[in-house]
Structures are given as C-alpha cells and as structure tokens.
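Residues: numbered from 1 along the sequence shown. This is a predicted model, so every value here is computed, not measured. Values below: every heavy atom of this structure, side chains too, minus hydrogens, waters and symmetry copies.
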Amino acid sequence: MPNPSNMCVNCIRTQVDITEGIQKQVIMLWCKECGRYLQPPKHWVAAQLESKELLTLCIKKVKGLNKVKLVDASFIWTEPHSKRIKIKLTIQAEVFNGTILQQSFVVEYVVENNMCPDCNRANANPNSWIACAQVRQHVFHKRTFLYLEQLILKYGADSNCIKVNDIHEGVDFFFKTRAHALKFIDFLQSVVPLSYRHDKQLVSHDTHNNTYNYKYTFSVEIAPICKDDLVCLPAKVSASLGNLGPIVLVTRVTSQITITDPHDLRSVSLDTQVYYRHPFASLASGRNLTSYIVLDVEPINRDGSNVAWGGNSQTGGQAGRFQLAEVQVQRESDLGNDTVFFARTHLGNVLKPGDVALGYDLATAQLVGLDYEAFVAKGGTTPDVILVRKSYEEKRRKRRERGDAARTWKLKQLEMDVDESKTRQIEKEEADRERFMQELEEDPEMRQRINIYRDEAVMAEKNLLGSKKVAQDDMSDDDSDAPEVPLEELLEDLQQLGLDEKGDDEEEDEDMNME
C-alpha cells in the first residue's frame with residue numbers, strides 16, 4: 001500500500017531512526033534492605049519484578065519519550081540476580097510528508113544497590129525512633145498487659161514496632177513514624193478503655209529549607225478498672241443507669257466496662273467516653289478477697305421468690321452466664337464458731353454446698369472513696385459479703401501433688417527488652433502470669449478473644465505417662481470439675497512445626513539457588 005513518502009518501510013528505516021535521542025540504558029537505584037526503588041527526587045517506591053508498578057517507574061525514567069507516541073511496553077525476561085531489567089518499547093513517530101513509522105527497541109536498566117535513608121538510619125542506630133507510646137495502668141498487677149500482649153500478637157499490631165520495653169509501671173512501644181504510633185493507639189482503643197495525650201520534642205531544625213525533626217511521645221493510660229473489682233458508682237451515673245447499684249462488680253473489661261449488680265443481676269456496659277465523663281475508682285480489688293466456705297445455696301428469682309414458683313422474663317433469676325441465688329457462707333478463718341453470713345450472689349449456677357468462694361468482706365473492710373462516702377452519708381447500706389468467683393485452688397493443689405499440673409497449652413510472648421535499672425519482682429510477675437492462666441481456664445469468653453496453642457512437648461509427656469496414672473485418676477474424681485482449656489480450642493503452633501511463612505520463603509530461595 002503506498003504511503004506519502006513513496007518509500008517502503010525498510011528504506012524509511014535506513015533513512016530515519018525515530019529512536020534517536022531516546023535513552024537506551026538507564027541506572028536504577030535499589031535498596032537491598034527494604035526492596036524499594038528510587039523515584040527521583042527522593043521518593044522510594046516498593047515494586048516487585050515484572051509488576052505494573054515497576055513498569056510504570058521504568059518508563060518514567062526513560063528520557064526522550066515525550067517526543068514520540070508510546071504504543072506498547074513489556075518486560076523481557078532476565079535472570080533475577082543479574083541486576084538487569086530489560087523492557088521492550090514500541091513507539092510511533094511522524095516522518096516524511098506525514099508518514100507514520102512504528103519501531104520497537106529495547107531499554108536496559110542497570111540496578112545498583114543504594115540504601116534508602118530509612119534503612120540507613122535504622123542500620124546506623126537500630127534503636128532510633130520517632131514516636132513512642134508509653135502504656136500505663138495504675139493498678140497493683142500487670143494482668144491487663146498480659147491480656148494486651150495476646151491481643152497484640154493475635155492481630156499483628158506489633159508489626160511496626162522497632163522495640164518494646166517492659167518496665168515496672170507498664171510497657172513502652174517505639175515506632176519509626178508518628179502514623180504507626182497513632183495506628184497502634186487506635187488498636188488499643190478498640191480493645192481496652194483508655195485515654196491518652198501527646199507531646200513532641202524538637203530534635204533538629206534546618207534553617208535553609210525550613211524543615212523540623214520531632215520526636216513524639218504518647219502517654220496512654222488504661223482505665224484503672226479490672227475484672228472482679230468492686231466499685232461504687234457516682235450518683236449521677238447510678239441515676240442515669242436506672243438507679244443501678246451503686247455497689248457493683250466489674251464482670252468484664254474490653255473496649256467497654258461491664259458492671260453487674262449481684263443483688264438483682266442487672267448488667268450495664270459503659271463506653272470509654274461515659275466512663276471518663278464521670279470516672280470512678282475501685283473500692284476493693286483482687287488482693288482484698290477473702291475465702292468463704294459455702295454452706296447452703298438456694299437459687300431465687302429477681303423478686304425474691306423461689307425458682308420453682310417463678311422464672312418468667314420479668315422476674316427470672318438467670319441472666320446470661322449468671323444465676324441469682326441466696327447463699328449462706330462462713331469465713332475459712334471462722335471455722336469452729338457460729339459466725340455465718342447470708343448474702344445474694346450471681347454465682348448460683350456454679351456454687352454448691354462445700355465449695356470455696358472468694359469475696360469481699362464488707363463487714364470488716366475499711367472502704368475509702370468520695371462516691372462511697374457520699375452514698376453512706378445519704379443513708380446507704382452495703383451487704384456484709386459480696387462473692388466474686390468460685391475458688392479452685394484446692395483442686396489445683398491436689399493436681400500438683402499428683403504431678404498432673406502441667407498445662408497442655410501455651411501462649412506466645414512479645415520480644416521485650418526488660419528494664420534492668422530497677423529491681424524486678426520475679427515472684428510477683430510469676431504470680432500475675434499464673435493468675436492470668438487461671439482466668440483463661442475459667443472464662444471461655446476470654447479464651448475466644450486470643451490465640452491459645454498446643455504444647456506438643458507436654459502433651460507427648462502426658463501420653464507416655466497416661467497409662468501409669470489411670471488408677472490414680474479413678475481414685476481422685478473430686479477434682480474433675482476443675483476448669484481446663486478444651487483440646488478443640490487449641491491451635492497448632494506453625495512455627496514449632498516448621499510451617500511458618502519465613503520457612504517457606506527460605507525453602508523457595510534454596511530451590512532457586514539449586515536451579
């Protein structure tokens with residue numbers, strides 16, 4: 001077919017080269033640490049080999065393409081370790097008398113190693129950080145942080161942390177950017193009630209381009225309310241909740257604080273905003289618990305009638321996992337005398353005569369608090385005993401004596417740097433961890449929110465010794481109701497089995513090297 005130049009394509013190509021002036025060899029800077037390419041002037045882009053992002057970046061680096069029309073672009077295969085990237089470009093341009101000529105050519109990119117500023121800074125000082133989240137909770141134990149640790153591991157919230165410090169007052173999390181710290185705090189807000197404030201400190205200032213470098217510190221304070229705490233609600237909060245309490249128990253702490261009145265089983269969940277609008281502290285906590293022997297248990301309805309005669313939706317004595325009951329208890333220290341207490345409790349579904357229960361002895365306790373004092377000044381009265389939970393300590397002690405106390409499950413832990421500047425209370429930390437393990441065994445809802453893994457070593461050891469202890473187990477059925485984590489709730493530890501992602505990547509690299 002004739003064209004305006006009256007020349008064939010081959011002859012036109014001998015006369016004109018439309019690729020003249022277009023760069024045929026380009027140097028690309030690549031960071032080996034993070035795998036990102038430099039997009040001038042100072043932006044680093046993450047892109048995989050033969051990806052659309054890398055193709056776009058390569059085309060932008062070719063000089064002279066603005067004078068022609070780009071028709072097609074594609075990768076030409078090269079060895080992954082050759083430090084070479086080749087792209088075939090097809091362009092069109094107008095030549096003699098309006099003739100359109102199309103031509104293809106190859107552009108070669110030489111990949112050179114060049115560490116990006118972020119990796120350079122990290123290698124120069126691995127502990128360098130831009131933002132720090134100081135998480136604190138002013139209570140006598142650290143079980144809340146043990147629970148937070150499992151949630152962080154489950155959802156991978158520590159992926160952007162460069163360092164974690166465990167100190168006696170809480171945990172410090174360090175990040176490379178302020179955005180990573182804010183993202184981490186947003187995660188904490190979704191799992192626990194907290195408040196935070198932030199501050200920044202000037203590190204350096206460049207007067208020539210008017211840039212500033214800051215270090216940001218976020219002070220995060222978790223609400224000092226824990227599960228099983230006894231609280232006295234402020235008058236305004238109690239009135240807004242339908243005259244709930246005001247002496248109530250904390251039965252669950254997530255992003256909301258769930259409080260329950262053991263006298264009538266009414267439960268309310270308070271949002272973080274509601275709590276900090278009218279904050280309240282604990283009247284008594286876990287270290288104030290007293291052991292009681294349960295003498296009698298009688299389930300009742302909310303109106304006080306016997307369960308056999310009631311049970312409708314308005315007056316029923318059961319609410320969720322709780323059952324209202326009247327109990328007759330006696331302190332373990334009072335065994336042998338006639339001091340007996342009568343009380344209402346929400347544990348009617350788990351207590352039976354002869355059990356041991358832990359509760360608050362309000363008959364002899366010296367409670368201090370502005371809200372409590374205001375409640376007493378108005379003529380308010382408190383019960384002598386408020387039971388909190390059933391105690392399984394005796395059954396656990398019998399298991400330890402039989403040598404069957406080892407748990408068939410385990411929890412993962414964060415890699416933390418321990419603050420050695422202050423003396424650590426090893427026994428107290430071990431006691432907190434043991435109590436946290438017991439809470440997991442006793443609370444199925446709490447187990448559903450975290451990951452619990454099989455301990456293959458303990459399970460194998462128990463299987464070897466199982467046949468030798470069959471007779472002993474038959475003789476000790478009295479501790480069979482001690483809570484345990486069911487095997488069906490345990491997860492396989494992929495790292496222990498060698499099936500984690502890192503191991504797969506290493507195997508792939510070995511296969512490529514063998515090829």
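Put simply, the side chain of Ser240 gets close to the backbone of Val237: a donor and an acceptor are under 3.5 Å apart. In this structure, the side chain of Gln330 engages the main chain of Asn337 through a donor-acceptor pair within 3.5 Å. Panel note: side chain Tyr212, backbone Val203; no donor-acceptor pair is recorded below 3.5 Å. Between the side chain of Ser195 and the backbone N or O of Ile222 there is no donor-acceptor pair closer than 3.5 Å. With Thr345 contributing its side chain and Leu347 its backbone, the two residues share a donor-acceptor pair below 3.5 Å. A donor-acceptor pair is defined here as one N or O able to donate and one able to accept, closer than 3.5 Å; such a pair exists between the side chain of Thr177 and the backbone of His180. Judged by distance alone, with hydrogens and angles left aside, the side-chain atoms of Glu439 form no donor-acceptor pair with the main-chain N or O of Asp443 at under 3.5 Å. Ser238 places a side-chain N or O within 3.5 Å of a backbone atom of Leu244 that can act as its donor or acceptor partner. Gln150 places a side-chain N or O within donor-acceptor distance of the main-chain N or O of Lys412, the cut-off being under 3.5 Å.
Here Arg397 pairs with Glu401 in a salt bridge; the nearest charged N to carboxylate O distance falls below 4.0 Å. Between Lys352 and Asp355, at least one side-chain N (NZ, or NE/NH1/NH2) sits under 4.0 Å from a carboxylate O, which counts as a salt bridge. Salt-bridge check for Glu298 with Arg344: failed, with every basic side-chain N at 4.0 Å or more from each acidic carboxylate O. Electrostatic pairing of Arg143 and Glu434 does not count as a salt bridge here, judged by no charged N lying under 4.0 Å from a carboxylate O. Of the charged side-chain nitrogens involved, none lies within less than 4.0 Å of a carboxylate oxygen, so that Arg407 and Asp455 do not count as a salt-bridged pair. Note on Asp432 versus Lys428: salt bridge recorded, some NZ/NE/NH1/NH2 to OD/OE distance being below 4.0 Å. The pair Asp417-Lys163 fails the salt-bridge criterion, with no side-chain N (NZ, NE, NH1 or NH2) lying under 4.0 Å from an Asp/Glu carboxylate O. Using a cut-off of 4.0 Å between Lys/Arg side-chain N and Asp/Glu carboxylate O, Glu393 and Arg400 are scored as salt-bridged.
Shown here is Glu415, whose CD atom has no more than 12 heavy atoms of other residues, nucleotides or ligands within 6.0 Å. The environment of CD in Glu488 is crowded: more than 12 heavy-atom neighbours from other residues, nucleotides or ligands sit within 6.0 Å. Shown here is Lys236, whose NZ atom has no more than 12 heavy atoms of other residues, nucleotides or ligands within 6.0 Å. Atom NE2 of His278 is surrounded by more than 12 heavy atoms from other residues, nucleotides or ligands within 6.0 Å. Environment of CD in Glu445: crowded, with over 12 heavy atoms of neighbouring residues, nucleotides or ligands closer than 6.0 Å.
Counted by atom type alone, Thr258 and Thr251 present zero donor-acceptor pairs between their side chains at under 3.5 Å. A donor and an acceptor atom, one from each side chain of Arg178 and Tyr214, are nowhere located under 3.5 Å apart. Donor-acceptor pairing under 3.5 Å is recorded for the side chains of Asp271 and Gln256. Residues Gln137 and Thr144 have side chains that bring a donor and an acceptor to within less than 3.5 angstrom of each other. Neither side chain, Glu442 nor Gln438, offers a donor N or O lying under 3.5 Å from an acceptor on the other.
Within the cation-pi definition used here (under 6.0 Å to the ring centroid, within 45° of the axis), Arg331 does not qualify as a partner of Phe341. The cationic group of Lys410 does not satisfy the cation-pi geometry with Tyr453, failing either the under 6.0 Å distance to the six-membered ring centre or the 45° limit from the ring axis. The cationic group of Lys395 does not satisfy the cation-pi geometry with Tyr392, failing either the under 6.0 Å distance to the six-membered ring centre or the 45° limit from the ring axis. Annotation: cation-pi geometry satisfied between Lys215 and Trp129 (NZ/CZ under 6.0 angstrom from ring centroid, within 45° of ring axis).
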Could you go through the side-chain contact (heavy atoms from CB on, under 4.5 Å) check for Ile247 and Leu230 one step at a time?
CA-CA 7 Å; Ile247 306 297; Leu230 183 69; 3.7 Å; yes

Apply the test ring pair (Phe, Tyr, Trp, His ring centres under 6.0 Å) to residues Phe175 and Tyr216: give CA-CA distance (whole Å), side-chain angles for both, the deciding distance (0.1 Å), then the verdict.
CA-CA 10 Å; Phe175 303 89; Tyr216 301 89; over 10 Å; no

Please test Glu429 against Lys142 for salt bridge (charged side-chain N to carboxylate O under 4.0 Å, His left out), starting from the C-alpha separation and ending with a verdict.
CA-CA 8 Å; Glu429 293 179 1; Lys142 297 188 71 173; 5.8 Å; no

Please step through side-chain contact (heavy atoms from CB on, under 4.5 Å) for the pair Tyr372 and Thr382, ending with a clear verdict.
CA-CA 10 Å; Tyr372 176 73; Thr382 59; 3.7 Å; yes

Dump the intermediate steps for side-chain contact (heavy atoms from CB on, under 4.5 Å) on Thr254 and Arg449, then the final yes or no.
CA-CA 10 Å; Thr254 55; Arg449 295 192 287 268; 3.9 Å; yes

Test side-chain contact (heavy atoms from CB on, under 4.5 Å) on Asp229 and Leu249 and set out the steps.
CA-CA 6 Å; Asp229 284 359; Leu249 280 175; over 6 Å; no

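Closest approach of Arg433 to Leu146, counting heavy atoms only: NH2-CD2, 3.2 Å. When all heavy atoms of Asn288 and Ala284 are compared, the pair lying nearest together is OD1-CA, 3.6 Å. Of all the heavy atoms in Ala131 and Ala181, the pair that sits closest is CB-CB, 3.6 Å. Arg454 approaches Leu490 most closely through the heavy-atom pair CG-CB, 3.6 Å. The two residues Lys154 and Asn451 make their nearest non-hydrogen contact at CG-ND2, 3.5 Å. Between Pro193 and Ile257, the closest heavy-atom pair is CG-CG1, 3.9 Å.
Taken from CG in Leu188 to NZ in Lys183, the straight-line distance is 13.0 Å, to the nearest 0.5 Å. Residue Asp334 holds its CG atom at 4.5 Å from OG1 of Thr339, rounded to the nearest 0.5 Å. Atom CG of residue Leu182 and atom CD of residue Gln189 lie 9.5 Å apart, to the nearest 0.5 angstrom.
The shortest distance between side-chain heavy atoms of Tyr292 and Val356 does not fall below 4.5 Å. Looking only at side-chain heavy atoms (C-beta outward), Asp296 and Val294 stay at 4.5 Å or farther from each other. Residues Leu362 and Asp384 form no side-chain contact, since every pair of their non-hydrogen atoms from C-beta on lies 4.5 Å or further apart. With a 4.5 Å cut-off on side-chain heavy atoms, Asp371 and Pro246 do not count as touching. Using a 4.5 Å heavy-atom threshold, the side chains of Ile450 and Leu440 count as touching. Side-chain contact between Arg447 and Pro486 is present, with at least one heavy-atom pair separated by less than 4.5 Å. Counting heavy atoms from C-beta on, the side chains of Val350 and Arg389 never come closer than 4.5 Å. For the pair Ser391/Ser291, no side-chain contact is recorded, criterion being any heavy-atom separation below 4.5 Å from C-beta on.
For Ser204, the side chain to side chain contact (heavy atoms under 4.5 Å, CB included) partners at least two apart in sequence or on another chain are Asn213.
Each of Arg399, Arg396, Arg435 was compared with Glu441 under the salt bridge (Lys or Arg N to Asp or Glu O under 4.0 Å) criterion, and only Arg396 meets it.
Below 30°, between 30° and 60°, or above 60°: for Phe218 and Tyr196 the angle between ring planes is between 30° and 60°, a tilted geometry. Note on ring orientation: taking the six-membered ring where Trp is involved, the planes of Phe184 and Phe187 are tilted (angle from 30° to 60°).
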